Amino acid sequence: MKRKVSIKNKRIFTPYSLPPTPLRSKTALGILVVLVVIFSWAIPALAAADEDIKITIDGKVLDFGPNEMAPYELEGRIRVPARKVFEAMGCEVRLLNPDEVEISKQRLGYKMFGRFQQCALQAFTWGFYNRGIDNKEYLDLDVIPLIVKGTFVVPLRTVAEAMGCHVYAQSGWSMNITVDPRLMIDGAPADFEGMTYIIVNDQAMVPLDQYCALKNYQVLFNQKSGRIIICNKDEEKTPRIRMNIDSTKAIVSGREVTLDAPPVIRFNLPFVPLRFMAEISGAKVLWDEKTGNIAVDR
């Protein structure tokens, strides 16, 4: 028996289908609107994901050849080929064994290094080769280092900042890196044996002895107890500042104050917070977010 096919308004329906109702039409229209909204949001996102990641080092864009691994983004983190990027920053990159790489840089007469092992979330970041000291401090990485197509890949920001570089992320995935940020004190560049300052807990820190020498301060430091006493050279019997390593409490002219960051030991030397040291002498600290350059001026 043949099925009967009804023709109505030039549309054909079999006995097993129903013509669209006004309700179904509204539902279909609603779904269409939702899909349009989703795709209008997703297309720019996909386009942004396809954009090349641009890395600029001291104002020069780093080029990656067609046969080289380029930086890529995964889970909100920029990962880069270790040798290509960090040698461009003046670091030495050595492959210790097939799954471990070392990145090092000279600072204050020491060789600061990081050892990164594939699939390891911790790395040595402070090592002192040149003066017979072998202190090590672990840094927790936010991205696991990997070997991709024979290339050692590490997280850009974490490693660059551990090496004393300044990293600034522009719009999209453009990363500006200043290898040695400039420190100007009273209009003159400060260079503490190859270093300007280091960042510890988001605070700029300067070596105590070298900074105080610029300011004509007398420094007494007890390495065993961690006590720091700073006086004016013409008033040696009157301590002006008392601080302790790893303590946020300080005494300034007999008054207790709280520091934004405590003094620390790095490279076997005491480092103190730059802003605190500048402001107690009446100076202002200006920090350039893009370059990492700092100016201390009265």
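Residue numbers count from 1 along this sequence. Computed from a predicted model, the values in this text were never measured in an experiment. Side-chain atoms are counted along with the backbone in the values below, which use heavy atoms only and exclude waters and symmetry mates.
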Measure the [atom1]-[atom2] distance between [X] and [Y] for me, rounded to the nearest 0.5 Å.
X    : Y    : atom1 : atom2 : result
C212 : I241 : SG    : CD1   : 7.0 Å
S174 : I53  : OG    : CD1   : 9.5 Å
R115 : L96  : CZ    : CG    : 6.5 Å
R83  : F152 : CZ    : CZ    : 11.0 Å
M243 : T248 : CE    : OG1   : 12.0 Å
K60  : I55  : NZ    : CD1   : 14.0 Å

When clusters are formed by joining ILVMFWY residues with side-chain heavy atoms under 4.5 Å apart, either directly or through shared neighbours, do [X] and [Y] land in the same one?
X    : Y    : value
V159 : V93  : yes
V285 : I280 : yes
Y217 : L214 : yes
I251 : F221 : no
M184 : Y197 : no

With distance as the sole test, does [X] use its side chain to make a donor-acceptor pair with the main-chain N or O of [Y] at under 3.5 Å?
X    : Y    : result
N176 : G59  : no
N244 : S247 : no
N293 : D288 : no
Q117 : A120 : no

Any [X] side-chain heavy atom under 4.5 Å of [Y] side chain:
X    : Y    : result
Y168 : T178 : no
N232 : Q218 : no
K54  : V61  : yes
I103 : F113 : no
L156 : M175 : yes
L183 : I185 : yes
L95  : E102 : no

* Hydrophobic side-chain clustering at under 4.5 Å (ILVMFWY, transitive links): who's grouped with V143? Put none if nobody. =>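 Traced through the cluster, V143 reaches no other member.
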
* To do: Quick one: name the residues clustered hydrophobically with Y72, using the 4.5 Å side-chain heavy-atom rule over I, L, V, M, F, W, Y, and just say none if it's on its own.
  =>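 Same cluster as Y72: M69, L74, L121, I144, L146, V148, V153.
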
* Does K84 make a cation-pi contact with F64, if we ask for NZ or CZ under 6.0 Å from the ring centre and within 45° of the axis? ->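 Yes - K84 lies over the ring of F64, closer than 6.0 Å to its centre and within 45° of its axis.
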
[X], [atom1] atom: more than 12 neighbouring heavy atoms under 6.0 Å:
X    : atom1 : answer
R182 : CZ    : no
D202 : CG    : no
Q223 : CD    : no

* Criterion side-chain contact (heavy atoms from CB on, under 4.5 Å) on V206 and V272, from CA distance to verdict -> CA-CA 6 Å; V206 289; V272 289; 4.1 Å; yes

For residues [X] and [Y], report the shortest heavy-atom separation together with the two atoms involved.
X    : Y    : value
D63  : E68  : O-OE1, 4.0 Å
M205 : P262 : CE-O, 3.2 Å
I228 : L208 : CG2-CD2, 3.6 Å
M112 : A162 : CE-O, 3.2 Å
P81  : P71  : CD-N, 4.3 Å
M277 : Y211 : CB-CE2, 3.6 Å

* Asked: D142: what forms a side-chain hydrogen bond (donor to acceptor under 3.5 Å, both in side chains) with it, not counting sequence neighbours?
  ->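 D142: side-chain hydrogen bond (donor to acceptor under 3.5 Å, both in side chains) contacts with R77, T158.
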
* To do: Test side-chain contact (heavy atoms from CB on, under 4.5 Å) on I230 and R240 and set out the steps.
  => CA-CA 6 Å; I230 302 174; R240 186 179 181 190; 5.7 Å; no

* Verify side-chain contact (heavy atoms from CB on, under 4.5 Å) between T56 and L62, making sure each step is shown before the conclusion. => CA-CA 6 Å; T56 304; L62 189 61; over 6 Å; no

* Is a side-chain donor-acceptor pair under 3.5 Å present for D140 with Q122? ->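 Yes.
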
* Tell me, which pairs form a ring-ring contact (aromatic ring centres under 6.0 Å, His included) where one or both residues lie in residues 278-298, sequence neighbours left out? ->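 Residue pairs passing ring-ring contact (aromatic ring centres under 6.0 Å, His included), neighbours aside: H166-W287.
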
* Does anything in residues 79-105 pair up under ring-ring contact (aromatic ring centres under 6.0 Å, His included), and if so which pairs, sequence neighbours excluded? ->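 Pairs touching residues 79-105 that pass the test: none.
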
* Can you check side-chain contact (heavy atoms from CB on, under 4.5 Å) on S104 and M163, steps first, answer last? -> CA-CA 8 Å; S104 60; M163 292 293 141; 5.9 Å; no

* Asked: Any salt bridge (charged side-chain N to carboxylate O under 4.0 Å, His left out) pairs touching residues 210-231, not counting sequence neighbours?
  ->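 Those involving residues 210-231 are D186-K215.
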
